[in-house]
> 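The structure's right below; bear with me while I get my questions together.
In what follows, chains carry the letters A, B, and so on, assigned in the order in which the sequence lines appear, proteins first and then strands, with residues in each chain numbered from 1.
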Number of protein chains: 2
Amino acid sequence: MKLDERHLIQLAAVVKTGGVTEGAALLGLVQPAVSRTLSMLERRVGEPLFVKGRRPLQPTPLGLSLAEHGLAMLAASRKASDLVESFKVGKSGVVRVGGTPFFMDALIARLCAEFQTSHPDVRIDQSYGYFADLRAALRADQIDLAICPIDILDEGSGLEFQQILPGRNVVACRVTHPLLLKRRPQPSHLLDYPWIAPPPGSPLLADLRALLLSLGATEIKIRYTGGSLMSVINYLKSADALTVMPHSVVFAQRKEKTITALPVTIPHPERALAILKRADAPRAPAVDQFAEFVRLGFQDLRHLIKRHEESVIWGL
Amino acid sequence: MKLDERHLIQLAAVVKTGGVTEGAALLGLVQPAVSRTLSMLERRVGEPLFVKGRRPLQPTPLGLSLAEHGLAMLAASRKASDLVESFKVGKSGVVRVGGTPFFMDALIARLCAEFQTSHPDVRIDQSYGYFADLRAALRADQIDLAICPIDILDEGSGLEFQQILPGRNVVACRVTHPLLLKRRPQPSHLLDYPWIAPPPGSPLLADLRALLLSLGATEIKIRYTGGSLMSVINYLKSADALTVMPHSVVFAQRKEKTITALPVTIPHPERALAILKRADAPRAPAVDQFAEFVRLGFQDLRHLIKRHEESVIWGL
DNA sequence: ATCCAGTATAACGCATCGTTATGAAGTTAG
DNA sequence: CTAACTTCATAACGATGCGTTATACTGGAT
């Protein structure tokens, strides 16, 4: 006995409202259509669904039971419609965002939480990676957005990107670090302290290498490595170690007053922190809304970060 | 955004099975039909439901969410179909059965339980009444079956009835009643004991009146009334009282060895215990199955009851 | 590079849907 | 008890969309 789902929904509407006319109105239909549907349904089922010659309409037990199932379908249909609506305006869906570990931990996680106060039904899947991985993941449609530093020269092939911050890296240390006491620290002093190596594969590590080698270090003295941002900060808090970090990460920690940056410039290619998307692929509206939210969030922070950089690094 | 429920079900089938062809097969359809449905759905929703250029087919988050709702509908549809099937063979539904109180309590309740060992999804709504009420209830479609004694002469108008037992009433008492010790009890002795009046409106009460008046009692000595069968039996157990009961009820209690019947014949019109149905109205299959179950149950009991009657009342 | 399985597209017949118009039945009020 | 009203059932019609077969296409495997 195969039953048309639409018929059951109409039955449910009629039983729920207690009348063919009202039931039809509930579904945006007209009475004769529903009336005919009920006749058909009754004929196909072969059993009466309503007791005849009674007004108001009274369903038989079978009619009532079938109507319950119809109601389940009606509810599911309504939910599906609502889902589509909210998806199309970016109020539901999934945002898969990948990015460089320190930056995600320090800045993006917080933004995710803020985003979801206005978009509670959007799920965010975060993952970590560096530019090459992220680009590949974007191309393979494993993530919707990447947030990472890119060399200004790189023109993404088929990738669209929006700059959100300058991508400057700095030398980070705890606020009580002895080097901060010197009026004019010599770059060579940097070699007197232990170093934390940023994650392998990161631009941070490359910059660290370049920096130390430029100072004449024949060999890099690494005392700690492998930890994510929280580990690195906790390590820094308890030792006079140094490491390389995006300036924005140091900025994000300013309120804690535990770490800061040395007034030292690391020579590295000009970079920008950017949001990368695939240019061609269609994106879920929630993805665009999230990207825009992030962009605006950093727009607000931009001058603060700029000021912080000037005061800390350049000592202005 | 109004979505066709059938489309969502097809989407669910495709996502569930992981392929258009298999999904179509699951629904008893053909691949191009489902393929077209998906295209339409995608166009109407305005968002991709599957990631393009991937095999095996991989749904987008939106597609997956919609498919879940479709799955709910598919499940409801399946359940509805099953419900109709089981209803049509009498394996589900509701049986509303009314009957005379003592007979229902003593014999029918047990049969209801037995019936449901083979028909667990059939609900039984029991109610009490006497012939006139029951007939009215049948006509008003408030009950599906009535089980009660009817005068053999009464030809039900528009009612179909099947006799299941002879409807003889007897004088009941406890097994230790003194009258049982007399070899040949005089009818007048009946007036020496207190009586329990059966429920008002019952044939039992009418028979009691007729019996006592025929014995010359100017006034009937009632000491207890108003109780249902369980009360009456418990009263009888504790006193040398007498009352009128259907013989079949006494029979049903034989195993308890607490009450029995006096070898006294009550003069009353010939009656039969019968199952009454409306002849015209369509009945749920479960109703017919239950009626048949009751009929067969009493067919098995008939000769036992007959033997019991002969031995107890006639002392054969 | 070729084959194969699975998917999209096309064209057609038909069931059924939704519509308006109208008749029938049940309910309520006087 | 009749009259008026409401509600449901039926009829006819145009149109949408379904399911079907046939066929072209695309991604993945050998």
> Using a 4.0 Å heavy-atom cut-off across all strands, classify B:Arg43 as base, sugar-phosphate, or nothing.
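Counting heavy atoms under 4.0 Å across all strands, no contact is made by B:Arg43.
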> In whole angstroms, how far is the P atom of D:dG19 from the CD atom of B:Gln10?
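Result: 6 Å.
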> Below 3.5 Å between N/O atoms, which protein atoms pair up with nucleotides 20-24 of chain D? Just atom names and distances, please.
none

> Considering residues at least two apart in sequence or located in another chain, which fulfil the ring-ring contact (aromatic ring centres under 6.0 Å, His included) criterion with A:Phe103?
A:Phe298
> Could you tell me how far apart A:Leu49 (CG) and D:dC8 (C1') are, to the nearest whole angstrom?
15 Å
> Contact list please: residues 62-76 of chain B against DNA chain D, heavy atoms, distance less than 4.0 Å, in numerical order.
none
> Minimum heavy-atom separation for A:Ile147 and A:Leu134, please, with both atom names.
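So the minimum-distance heavy-atom pair works out to O-CD1, 4.4 Å.
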> If you take any heavy atom closer than 4.0 Å to DNA chain C, which residues from residues 12-26 of chain B end up in contact?
B:Gly19, B:Val20, B:Thr21
> What pairs with A:Arg295 under salt bridge (charged side-chain N to carboxylate O under 4.0 Å, His left out), at least two apart in sequence or on another chain?
A:Glu292
> Applying salt bridge (charged side-chain N to carboxylate O under 4.0 Å, His left out), can you list everything that pairs with A:Lys277, at least two apart in sequence or on another chain?
A:Asp288
> Without swapping roles, check the side chain of B:Gln289 against the backbone of B:Val89 for a donor-acceptor pair under 3.5 Å.
yes
> Is A:Thr37 touching bases, backbone alone, or none of the nucleic acid, heavy atoms closer than 4.0 Å?
nothing
> Could you pull out the closest heavy-atom pair between A:His119 and A:Gly90, with the gap in Å?
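Nearest pair, atom of A:His119 first, then A:Gly90: CD2-O, 3.0 Å.
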> When the side chains of residues 17-33 of chain B are checked against the rest of the protein, which donor-acceptor pairs come out under 3.5 Å, sequence neighbours left out?
residue, atom, partner, partner atom, Å
B:Thr17, OG1, B:Ala13, O, 2.8
B:Thr17, OG1, B:Val14, O, 3.4
B:Thr17, OG1, B:Gly19, O, 3.2
B:Thr17, OG1, B:Gly23, N, 3.0

> I need the CD1-P distance between B:Ile9 and D:dC18, as an integer number of Å.
13 Å
> What bend angle does the helix from C:dA1-D:dT30 to C:dG30-D:dC1 show across its length, from five-pair end axes and to the nearest 10 degrees?
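Nearest ten degrees gives 40° for this helix.
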> Over how many whole Å does the gap from B:Leu38 atom CG to D:dC18 atom C1' extend?
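That distance rounds to 14 Å.
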> Counting only N and O atoms by type, is there a donor-acceptor contact under 3.5 Å from the side chain of B:Asp105 to the main-chain atoms of B:Phe102?
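Such a contact is absent between B:Asp105 side chain and B:Phe102 backbone.
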> Applying ring-ring contact (aromatic ring centres under 6.0 Å, His included), name anything that partners B:His7, two or more places apart in sequence or on another chain.
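Testing B:His7 for ring-ring contact (aromatic ring centres under 6.0 Å, His included), a comparison that skips the adjacent residues, returns none.
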> Expressed as a whole number of angstroms, how long is the span from A:His7:NE2 to C:dA15:P?
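Going from A:His7 (NE2) to C:dA15 (P), I get 15 Å.
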> For B:Arg6 and C:dA15, give me the distance from atom CZ to atom P, rounded to whole Å.
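B:Arg6 atom CZ is separated from C:dA15 atom P by 14 Å.
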> Between A:Lys91 (side chain) and A:Glu85 (backbone), is there a donor-acceptor pair under 3.5 Å?
no
> Using modelled atom types only, decide if a donor and an acceptor are shared between the side chain of B:Lys88 and the backbone of A:Glu47 within a distance under 3.5 Å.
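Side chain of B:Lys88 to backbone of A:Glu47: no pair is present.
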> Can you tell me the distance, in whole Å, between the CE atom of A:Met40 and the C1' atom of D:dA9?
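So the CE-C1' distance, A:Met40 to D:dA9, works out to 14 Å.
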> Could you list the residues that satisfy salt bridge (charged side-chain N to carboxylate O under 4.0 Å, His left out) with B:Arg44, not counting sequence neighbours?
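By the salt bridge (charged side-chain N to carboxylate O under 4.0 Å, His left out) rule, B:Arg44 matches no residue at all.
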> Is any side-chain nitrogen or oxygen of B:Ser39 closer than 4.0 Å to OP1 or OP2 of C:dT9?
yes
> Residues in salt bridge (charged side-chain N to carboxylate O under 4.0 Å, His left out) with B:Arg278, at least two apart?
B:Asp280
> Measure from CD on B:Glu5 to P on C:dT16 and round the result to the nearest Å.
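Distance check: B:Glu5 CD to C:dT16 P gives 17 Å.
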> Show me the donor-acceptor pairs within less than 3.5 Å that the side chains of residues 64-84 of chain B make with the rest of the protein, sequence neighbours left out.
residue, atom, partner, partner atom, Å
B:Ser65, OG, B:Pro61, O, 3.1
B:Ser77, OG, A:Glu5, OE2, 2.9
B:Ser81, OG, A:Met1, O, 2.9
B:Ser81, OG, B:Ser77, O, 3.2

